[in-house]
Amino acid sequence: MFKIRALTATEKKGSLIYRLDPRTKLIVLFSIGMIVIGLDRPWHLLILFIFTVMGHILAGFDLSKYKVTLLIILIGLWGVVMSQGIFYREWPRTVILTIIPRDLPIVGQLTGGVYLYRQGLLYGLAQGLRFATMIASGLLIAWTTEPRDLLLGLIRLRLPYGIAFMFITSIRFLPILISELTTVIEVQRLRGAGPIKLGKGTIRSVIDILTPVLANSVKRAATLGASCESRAFNPNRPRTYLRELHYRWWDVLISGLSIAAAIAIVITKMTFLLYRIDILYLSQLRWLYAIAREL
Amino acid sequence: MIEIKDLTYTYPGKSIATLRNVNIDIPKGEFVLLTGPTGCGKSTLLKTINGLIPHLIGGKMEGKVEVAGLDTRKADVSSLSQIAGMIFQSPDDQIFSTVVQDEVAFGPENLALPGYMIRKRVDEALDTVGLDNFHCRATHMLSGGQKQRLAIASVMSMAPKVLLLDEPFAQLDPQGTSEVLSTIRELNENGMTVILVEHRIYEVAHVVSRVMVMDNGGIVLDDEPERALKEISNGIKPYLNPPDHQTFLLSGEKDSEETALEMKGVSFQYDKGADFVLKGVNLRIKRGEVVSLMGNNGSGKSTILLHFTGLLRPSRGQILVFGRDISRLKTRRPSSTVGFVFQNPNLMLFNETVWQEIAFGPKALGLEGPGIDQKIDDIMTAMDITELRDENPLALSGGQRLRVAIASILSMGPEIILLDEPTSGQDKSSTDGLLGHLYGLSKKGITILFTTHDIEAAIRWSDRLLVMNGGRIIADGLPVEVARETRILKKAGLRPPLCLEPGNILGIEAISSQGG
C-alpha cells in the first residue's frame, strides 16, 4: 500500500514547477499535446521530449517515480517502434533486417517474409516519442499538482464542476483500487488460482479478479453518493470555494509562450496542408511552406 | 425535533417492507441508541430522517417523517442536509478529499456560502472534533478514529441540528472508538440531538439518554437506558444478550503437543529504512489451539497472519508451519494447509453462486469428485448457508458473505485457519455463531488464529489471548488471565471487558475460570 501511495502521491518541493498555477500546467499540457501532433521529425520530437524530461529533473521526484516513468516509456517506445518497423506498409521502404525470409518453408510462404524497415522504425520512433512526451508531461503535472489544485484549475478553465469532481474523486480512490486489486490477486492465489497466463482461461481469470473489485467499488460509490447528497451536493447549482488560485506573472509568461508555440505550429501545418491538397497557395508564404516541410 | 408517524417503507424492487409502522418522537438534545440485529431496518430508518429515502433511493414510503418541523418528503435533500447530518460506517468510503480542510469545506461550498463564512465553519467544525491543528493534513495520513472524527466535522460544518451515525465504530480499533465516542458525547452535551446505530450496546449505553431496539422493521423496545438494559438482560432478544458474567467458555489445554505455527525471532519492515512492524516476535501455537490476537491498528496483528500465509517474508527470523520453514521458500504460493480469511470478505468472493464459490478452491487444487461435493454440502450445512446455494455471493448480507468466505476456505481442508477481524461489523449473534463453529473445528484438530477488537469474543471463543503493541507481543496467556491485566490492556490501547469493570468495583470474581 505504501508503495502504491508513493507512486500516486503528489510531491511538494520548492522549485518553480511546483509553484506554477494548475491552469498554467494544464495549458502547457494541452499545448504540448498540440505540438506533438504538429511535429513529424523524430529529432524535433526528441527535443520536446528532452524538454519534458528536464521538467522531471527540475521536480526532483522520488526515485520510484522515475523508475515507473522510465518503465512505461521504454515499454511504449519498444512496442511502437518495433511494430511500426515491421508492419510499415508505405513506400519507399528500405529493408535493414530480414526476420523471416520469404523463401522459408511454410512460415515464410504464409507471411510473404517479415522484415524490419528503416522508414518504419523512424515513423515508429516519431509515434513513440509522441507517446513518451505525453506520458512524461502528464505524469509531471500529476506529481507536482495537488488534486485539489487540479480540481480548482479545471473548474477555472470552465470544465463543469460535476465532471471535474468525478475526475478528481477517481484519482483519490486510485490507490485504494490498486490495493484492492492486489488483495484480490493474493486471495485467489491462496485459494489455489494460478497466475494469469495468456490463452485459454485468460478472460475468466481477469473477470474473477475484476468482479470483487468492481462490486466493492459500486458499493463504495453508493456510500460516497449518499455522503455527497447529505452535504448538499448538486453539480448543477452554483457553489463557492474555500481556496482561490493565484495567477502570477510567470504563469502568464509560460502560458502565453506555450499557447503561442502551439498556435504557430498548428497554423504552419494547416497552411501547408491547404497547399498540399491544392486548396490555397500563396507565393508570399513559400518561406512558411519550407519551415512546415522541416517540422 | 424528530417526529415519525406510521412510517412504512419498502425498497424499490422489493415486496416486503423494511420498516413497518414505526412511530417515534425524539425531543431536542436527546441521545438515542438505536440497536437491533443485522437487517432489522436501523440504517433504513436513519436514511428516512435525512431524506436520502425517498429522495435519492426511491421506494414506497407511507406515513410521515418530520425533522425540525420539515416534512422530509416535501423538503429537498439540500435543505435537510442542514438539519440532519449523517455519518456512515466506513470513514474511507465517505471521505473523498485529499486534504482535511477541503473535506470539511465541501458542504458549505455546496451551500455557496461566502469564503470567510466557509473558513469560519471549517475552523469551528475541526475545533469541535479536536482536529484543530489538522487543516492541511493529508486525509490518508489520519488514523481510523481521526478519519471518523473528520467525517463528523464535515457534517458539523453544515451546522445540523441532528447527528445520525450509522455504526461509526464498526471499523475502528478501541482507541479510535473511544476518541469518536467522546466527540459525539461532547456534541450532545452542547445540545445536538444524536441518533447512534450500534450493535455493541454495553459500550455506549452509559452515554445515551434513551435506547431503542428494532426488530423486523419495527420498534420493539423504547426506554431509558437503565430500564432498557434490564429488559435486554432479561433476554428480550437473544442477539442482545449482555456480556456473560459467569459463563465464559474455557476449554483449558488441548491435548496435542504438536506445533502448528511458530515464529522465531521474526522482525519485519515493509520497506528498507521504514519502521519495523514486527520486532523480534517469538510465538508457538499448538495444533488445535484457538488463539486470538488483539491490539490497536498498526500493532502488527495482520502482519503476523500474512507471514503465516507465506504472502510476507520476514526481514529476520524464521516462520515454521508444522515444523517446515516457509520463510525462505522461493515460491510465495502457500500450500492448502493454511487458509486465510481476509478482513473484507467482499474481496474474496468472485464466483457466480455460493456453491461455485465454495467449490473453487478444491477445483483449483484438483480435488474434484463426489466426495468433495458431499464435503461442500456438509460445510454449507455447518455454516448455515445451504439455502443460499444458488445465490450470488456478492448479493448477500455482510454476515452471510463472511460465512461464505469462511466456507470457501474450509472446503480446501486447511489444517490451520487464519482470520483477520472476523468480528468486525458483526452483531453478537453472528459473532457467536461464527466463532462457535470455528471453536468446534478446533476440537477436530484444526488450529485457529484470529485478530479481533472484541475482547468479549476473544475471551469467550479462544484458548489463548495474545496482546500486541508496537510490533511486540506484550501478553500471552489464558484469555481470562490476560483480561484481568488492565495495565497491559491499557498499554495496548484496549479496554478491559465490561463484565470485569463492575466486578472490580464490587470486588467479585466476574469471570469464572471454570470451563464450560
Side-chain angles (χ1 to χ4, degrees), chain A residues 1-3 5-6 9-10 146-148 151 165 168-173 175-176 180-181 183-184 186-195 207-216 218-235 237-244, chain B residues 47 50 52 55-56 77-78 81-82 85-86 88-90 92-94 96-99 101-102 105-115 118-119 122 140 151 154-155 158 270-271 274 309 311 333-334 336 338-340 342 344 346-351 360-361 363-365 394 408-409 412:
Chain A
M1 185 66 188
F2 177 73
K3 285 176 187 169
R5 186 73 72 182
T10 307
E146 287 274 357
R148 59 201 303 229
L151 174 68
F165 178 73
I168 295 304
T169 307
S170 60
I171 291 178
R172 149 83 174 88
F173 284 97
I176 294 174
E180 286 182 353
L181 267 174
T183 304
V184 169
E186 284 174 354
V187 164
Q188 296 188 3
R189 272 178 50 205
L190 288 173
R191 287 177 61 192
I207 291 173
D208 284 350
I209 290 169
L210 291 181
T211 301
V213 175
L214 289 177
N216 220 31
V218 169
K219 188 171 164 282
R220 180 179 299 117
T223 307
L224 198 62
S227 175
C228 290
E229 292 275 346
S230 302
R231 285 186 272 164
F233 175 73
N234 186 337
R237 265 208 319 242
R239 70 194 303 277
T240 49
Y241 297 92
L242 173 67
R243 297 168 58 252
E244 283 302 326
Chain B
K47 286 172 189 160
N50 84 333
L52 287 175
H55 295 292
L56 184 68
V77 181
S78 175
S81 66
Q82 296 168 69
M86 185 153 170
F88 298 85
Q89 196 179 82
S90 164
D92 278 320
D93 288 356
Q94 58 193 307
F96 44 79
S97 302
T98 51
V99 176
Q101 67 172 3
D102 292 5
F106 180 76
E109 286 177 342
N110 288 334
L111 297 174
L113 297 179
I118 298 173
R119 171 77 54 196
V122 168
H140 74 264
S154 66
V155 163
M158 303 288 288
Y270 278 94
D271 290 294
T309 64
L311 288 172
R333 185 173 169 179
S336 60
V338 181
F340 184 37
F342 281 72
N344 182 354
N346 293 356
L347 298 179
M348 296 184 68
L349 308 173
F350 53 92
N351 285 282
F360 179 88
K363 275 186 184 175
L365 294 172
L394 289 166
S408 71
I409 296 300
M412 295 167 71

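Every chain is numbered from 1, with letters handed out A, B, ... down the list of sequences. Only this structure's heavy atoms are used, side chains among them; waters, hydrogens and symmetry mates stay out.
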Against chain A, label [X] side chain, backbone, both or neither, depending on which of its atoms sit under 4.5 Å from a heavy atom there.
{"X": "Met348(B)", "result": "both"}
{"X": "Phe96(B)", "result": "both"}
{"X": "Leu56(B)", "result": "side chain"}

Segment of Asp208(A) engaging chain B (4.5 angstrom heavy-atom cut-off):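 Both backbone and side chain.
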
Would you say [X]'s side chain and [Y]'s backbone share a donor-acceptor pair under 3.5 angstrom?
{"X": "Asn110(B)", "Y": "Arg231(A)", "answer": "yes"}
{"X": "Thr240(A)", "Y": "Pro114(B)", "answer": "no"}
{"X": "Gln94(B)", "Y": "Phe88(B)", "answer": "yes"}

side-chain contact (heavy atoms from CB on, under 4.5 Å) between Leu242(A) and Arg119(B), intermediate numbers included: CA-CA 7 Å; Leu242(A) 173 67; Arg119(B) 171 77 54 196; 3.8 Å; yes

Residue pair Ala232(A) / Met158(B): nearest heavy atoms and the distance that separates them: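 Closest approach of Ala232(A) to Met158(B): CB-CE, 3.7 Å.
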
Leading residue by heavy atom contact count with chain B [cutoff under 4.5 Å; candidates [options]]:
{"options": "Gly225(A), Pro235(A), Ala226(A)", "answer": "Ala226(A)"}
{"options": "Arg148(A), Glu229(A), Lys219(A)", "answer": "Arg148(A)"}
{"options": "Arg237(A), Glu244(A), Gln188(A)", "answer": "Gln188(A)"}
{"options": "Thr169(A), Thr183(A), Leu151(A)", "answer": "Thr183(A)"}

From CA spacing to verdict: salt bridge (charged side-chain N to carboxylate O under 4.0 Å, His left out), Arg220(A), Glu180(A): CA-CA 12 Å; Arg220(A) 180 179 299 117; Glu180(A) 286 182 353; 2.5 Å; yes

Whether Phe350(B) and Phe360(B) hold their rings parallel, tilted or perpendicular, with breakpoints at 30° and 60°: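 Perpendicular.
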
Aromatic ring pairing Phe106(B)/Phe165(A), orientation class (parallel under 30°, perpendicular over 60°, tilted between):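 If you compare the ring of Phe106(B) with that of Phe165(A), the planes turn out parallel.
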
Among the listed options [options], the residue most often paired with chain A at heavy-atom distances under 4.5 Å:
{"options": "Ala274(B), Ser90(B), Ser97(B), Gly85(B)", "value": "Ser97(B)"}
{"options": "Ile409(B), Asn50(B), Leu52(B), Val155(B)", "value": "Leu52(B)"}
{"options": "Gln82(B), Met86(B), His55(B), Gln101(B)", "value": "Gln101(B)"}

